[in-house]
Enquirer: 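One structure is given below, represented as structure tokens, and several questions about it will come after.
Proteins come first, then strands; the chains are lettered A, B, ... in the order of their sequence lines, and each starts at number 1.
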Amino acid sequence: MNKSILTSIEAQSMQFLDDLNEEQQKAVLATEGPTMILAGAGSGKTRVLTYKIAYLIQQGVDSFNILALTFTNKASREMKSRISSLLDNSESLNLWMGTFHSIFARILRFEAQKIGYPSNFTIYDTDDSKSLIKTIVKELNLDDKIYKPGLILNRISSAKNNLISAKEYADNINIQSDDLQSKKPLLGEIYKRYELRCFKASAMDFDDLLFKTNILLRDHPEVLFKYQDKFKYILVDEFQDTNFSQYLILKKLSARFENICVVGDDAQSIYAFRGANIQNILNFKNDFPDVKTFKLERNYRSTKNIVNAANSVIAKNKDQFKKDIWTDNEEGSKIEVFKAFTDNEEGLIVANHIFSAKQNHQLNNKDFAILYRTNAQSRSIEEALRRKNIPYRIYGGMSFYQRKEIKDLLAYYKLTVNPNDEEALKRIINYPTRGIGKTSLEKITLKASESRSSLWDVINEPSSFQLKISSAVLKKIEEFVTMIKSFNAQLSSVNAYKLGEHIAKSTGILKDLYADKSPEGLSRYENIHELLNGLNEFSENYPDQSLSEFISEISLLTDADNEDKNNQDSVSLMTIHASKGLEFSFTYLVGLEEGLFPSQLSLNSRTELEEERRLFYVALTRGEKNVCLTHSETRYRWGSLISCEPSRFISEIDKNLIHFNYSGNFYQKGSSFKSDRESYVKSDQINPNTKSILPKQKLVRLQKYVKNDTFKGDDLADLKVGAIVEHQRFGQGEILELEGQDSNQKATIMFENIGQKQLLLRFAKLKIIS
DNA sequence: GTATTATCTAAGTCT
DNA sequence: TAGATAATAC
């Protein structure tokens, strides 16, 4: 071997390692065999993963043989680009890197036939799943107040995450008695039907992507062998948040080479509710007895005060691994606490604090983050930021792809790709309205379930199902089918953007939204264009990919994956869950109140309360320089005002590390806080350039009112206020008021027996009595 | 079948 | 409060 090449490689690897501390280096160098890296918050675990992959490639491992599972697709993009710059080549593009869901969706598409699915299967989101469950509950004539779709989906989801099939679920005696006790004995039956319907619709839900992968690897040894051989090195980020289903996939895939490296922090496990299991860390030690373990305990992110405050909180949890997180960073300022009287005031306090911190510390908006427990809390914060003219961006919440207009257009795309997609079909068969209404759809659904066919089968050949529908409607159905077929025929021949645009135009969606000139209508129209722009971008980047690939791409996007298009400098608003892995110079934690954080629903059990505490730990450790906590004495919930106690988590922070920005006893209400409060509220001046913060809904109502109120007095038909008229059904009455003109003229009539009614004269057949 | 209005009920976190 | 559903009118 040429010695000079070897030394240059060695020199390069040395360069790598120089960026890492000793423990990180050891973790990177341990490439062979199972390794577990327990990495505290801010200890540079992403860095270790990135360097480890770069090191592997540099050591001659083919990048095609590396599988890396990250928590978001964005994280994977960032990691890839960092690896590229470390290696100064484009090898990272060949890596199999992404979220569990997107990686295994990709594999499932490739191997779909083996488990009886077509490769163009669609992915049902939560709304689709709930809607399907709802139909099933209705079909079984069950009470949807007992069989709530959301709860049922949770139950099915956790079954799937524990690899319990519908049949196993229904046959299991323990589960049966559980469900009987909760008065839902037919859950197993619903699960069975749900599975069948998903299969008929060629659809998989989120959990299926993992569940079916397990089935695939279990029932097809040759497939398992193929991927075992392919993924010679497997790396997993955020291992503490993997569930049993994911763990089993990892275990199977790594069984041959056992080159598996997992990175995680039990203190940051916050997804138990979707099946994540800290026990996986323990299982890992059992399943891979010769595992090498590394601990990263040095925090590079936060000040001493923040690190110690977080440590003092997490120490209250009984269930945890011993760790000693420390930092060499400056001491920094104490955790600050502010109290507000209302949730709106809480928003103002935060907005004002950001406003002055920005000036005092010369910071940009993007150095600030406001974190909350529930998405609903963002509203009052947003309003305050708008008043202070501080640009912000919300991550999560009602995400772009969940909007009605977007889902409508996407449903057309989905149906084009997979006509069996029942939820997509139901969504758009009568949107824009084409005269195929509820009754017709019910008839079609009935025929479909009678013959165990898909809705598409029925409408595709109505005659062979003896569908009893008027010929006029039948014709409309036929037109609809022809339209979808024509889209489908263009799938492989026409560019994705061209076809997508064609669909938006020819179905009338664009026209329909264009016609709506209300503020919401306008924004819906813009949203459709945004989707089309995204599609166009996709088409330009991947010219040979069809609409089909676009659909599968976006159905697994996390909200954190969406890049800020304008790359604006803005304050980040998100739930604590969404903030995992991120860091911000100034972090605000709002709504620290009992019943909100910790959540009311977590107070029943220690395990759930401990998860809330870990969540608080995650939140605290996002902050680099400064962490502010706020709580409010009152808060609107379900439209009514409730009073709130400060969260127990505030008092769990070491007293020496926290500063209450209101004098007097913390638990004493009222007090001299008032002066603080006044100074905050006073300094808030409404910027005249800021748009009205009147809710959109109200604006619309106002416009409607103005439009209809053009009182013109009597018009055609000689009808006057005070005239006595007779109506076919309502009998005699007196005209109290007339409004509108021509064909829109409307009369308010007081009928003798029925009382006051408003009728459109165009429709109401009235005889004039006097 | 469609459009408007009235009533109900729900918001915990995410793929 | 606000979105979803049921009721109502044509």
Enquirer: Restricting to pairs with a member in residues 154-164 of chain A, which pass side-chain hydrogen bond (donor to acceptor under 3.5 Å, both in side chains), not counting sequence neighbours?
Expert: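 Pairs touching residues 154-164 of chain A that pass the test: A:Arg155-A:Tyr169, A:Arg155-A:Asp179, A:Ser157-A:Asp207, A:Lys160-A:Glu195, A:Lys160-A:Asp205, A:Lys160-A:Asp208, A:Asn161-A:Asn243.
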Enquirer: So if I take every side-chain heavy atom of A:Thr374 and compare against B:dA3, B:dT13, B:dA10, which nucleotide ends up nearest?
Expert: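 Of the options given, the side chain of A:Thr374 lies nearest B:dT13.
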Enquirer: Look at the rings of A:His577 and A:Phe273 and say which category their plane angle falls in: under 30° parallel, 30 to 60° tilted, over 60° perpendicular.
Expert: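 Judged by the thresholds at 30° and 60°, the geometry between A:His577 and A:Phe273 is perpendicular.
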Enquirer: Measure the distance from CZ on A:Phe206 to P on B:dT13 and round it to the nearest whole Å.
Expert: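 From A:Phe206 CZ to B:dT13 P: 15 Å.
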Enquirer: What's the closest nucleotide to the side chain of A:Asn430 if the choices are B:dA10, B:dT13, B:dT2?
Expert: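 Shortest atom-to-atom distance from the side chain points to B:dT2.
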Enquirer: What's the CD-P distance between A:Gln402 and B:dT13, to the nearest Å?
Expert: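 It is 11 Å, rounded to the nearest whole Å.
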Enquirer: Quick one, which residues of residues 137-145 of chain A touch DNA chain B with a heavy atom under 4.0 Å?
Expert: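 Per residue number, the list reads A:Lys145.
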Enquirer: Measure the distance between the ring centre of A:Tyr271 and the centre of the six-membered base ring of B:dC14, then answer whether it is under 5.5 Å with planes under 30°.
Expert: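 Stack criterion not met.
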Enquirer: Tell me whether the OP1 or OP2 atom of B:dC14 has a side-chain N or O from A:Thr126 closer than 4.0 Å.
Expert: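 Indeed not, no polar side-chain atom of A:Thr126 lies that close.
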Enquirer: How many whole angstroms separate atom NZ of A:Lys130 from atom P of C:dA4?
Expert: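 Rounding to the nearest Å, NZ of A:Lys130 and P of C:dA4 are 11 Å apart.
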Enquirer: Write down the distance between OH (A:Tyr431) and P (B:dA3), rounded to a whole number of angstrom.
Expert: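 Rounded to the whole Å, the gap is 11 Å.
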Enquirer: Check the orientation of A:Phe121 and A:Tyr117. Use parallel for under 30°, tilted for 30 to 60°, and perpendicular for over 60°.
Expert: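 If you compare the ring of A:Phe121 with that of A:Tyr117, the planes turn out perpendicular.
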Enquirer: Send over the distance from A:Lys438 NZ to B:dA3 P, rounded to a whole Å.
Expert: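 In whole Å, B:dA3 P lies 14 Å from A:Lys438 NZ.
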Enquirer: Which nucleotide wins on minimum distance to the side chain of A:Thr439, given the candidates C:dT5, B:dG1, B:dT13?
Expert: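 Within the option list, the nearest is B:dG1.
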Enquirer: Rounded to the nearest Å, what distance is computed from the OH atom of residue A:Tyr636 to the C1' atom of nucleotide B:dA10?
Expert: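 So the OH-C1' distance, A:Tyr636 to B:dA10, works out to 18 Å.
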Enquirer: Are A:Asn375 and B:dT13 close enough that a side-chain N or O sits under 4.0 Å from OP1 or OP2?
Expert: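 For B:dT13, OP1 or OP2 has a side-chain N or O of A:Asn375 closer than 4.0 Å.
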Enquirer: Any carboxylate oxygen within less than 4.0 angstrom of a Lys/Arg side-chain nitrogen, looking at A:Asp408 and A:Lys404?
Expert: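 Answer for the salt bridge query: yes.
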Enquirer: Of the options C:dT5, B:dA11, B:dA3, whose atoms approach the side-chain atoms of A:Lys134 most closely?
Expert: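 When the side chain of A:Lys134 is considered, C:dT5 is the closest of C:dT5, B:dA11, B:dA3.
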Enquirer: More than 12 heavy atoms of other residues, nucleotides or ligands under 6.0 Å from CD of A:Glu478: is that the case?
Expert: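 No, the 6.0 Å shell around CD holds no more than 12 heavy atoms from other groups.
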Enquirer: Please report the distance, rounded to the nearest Å, between CG in A:Leu151 and P in B:dG12.
Expert: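 Taking atom P of B:dG12 as the reference, CG of A:Leu151 is at 11 Å.
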Enquirer: Nearest heavy atom decides the nucleotide; on that basis, is A:Lys148 or A:Ser440 closer to the 5' end of DNA chain B?
Expert: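 The answer here is A:Ser440.
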Enquirer: Ion pair present between A:Glu612 and A:Arg373, side-chain N to carboxylate O less than 4.0 angstrom?
Expert: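 Result for this pair is yes, salt bridge flagged.
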Enquirer: Less than 3.5 Å apart, any donor N or O on the side chain of A:Glu346 or A:Ser632 sitting next to an acceptor on the other?
Expert: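 Distance-only check fails for A:Glu346 and A:Ser632.
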Enquirer: Can you tell me, in whole Å, how much space there is between the C1' of C:dA4 and that of B:dT13?
Expert: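 To the nearest whole Å, 23 Å.
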Enquirer: Under 4.0 Å between a side-chain N or O of A:Asn154 and OP1 or OP2 of B:dG12?
Expert: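 A:Asn154 to B:dG12 OP1/OP2: no side-chain N or O under 4.0 Å.
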Enquirer: Please determine whether the number of non-hydrogen atoms from other residues, nucleotides or ligands lying under 6.0 Å from atom NZ of A:Lys130 exceeds 12.
Expert: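 No - once you tally the heavy atoms of other residues, nucleotides and ligands closer than 6.0 Å, there are 12 at most.
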Enquirer: Between A:Tyr617 and A:Arg613, is there a cation-pi geometry (under 6.0 Å to ring centre, at most 45° from the normal)?
Expert: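 No, a cation-pi geometry is absent between A:Arg613 and A:Tyr617.
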Enquirer: For the pair made of CZ in A:Arg379 and C1' in C:dG3, what is the distance, rounded to whole Å?
Expert: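 Value for this atom pair: 14 Å.
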Enquirer: Does anything in residues 596-614 of chain A reach DNA chain B, meaning a heavy atom under 4.0 Å, and if so which residues?
Expert: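 Those residues are A:Leu601, A:Glu608, A:Glu612.
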Enquirer: Give me the one residue out of A:Glu593, A:Glu594, A:Glu645 that meets salt bridge (charged side-chain N to carboxylate O under 4.0 Å, His left out) with A:Arg635.
Expert: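 Of A:Glu593, A:Glu594, A:Glu645, salt bridge (charged side-chain N to carboxylate O under 4.0 Å, His left out) with A:Arg635 is met by A:Glu593 alone.
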Enquirer: Name the nucleic acid region contacted by A:Arg637, choosing base, sugar-phosphate or nothing; use a 4.0 angstrom heavy-atom cut-off, strictly under.
Expert: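 Touches nothing.
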Enquirer: Would you mind telling me which residue lines up with the more 5' stretch of DNA chain B, A:Arg434 or A:Ala376, judged by nearest nucleotide?
Expert: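 Looking at the nearest nucleotide for each, A:Arg434 comes out on the 5' side.
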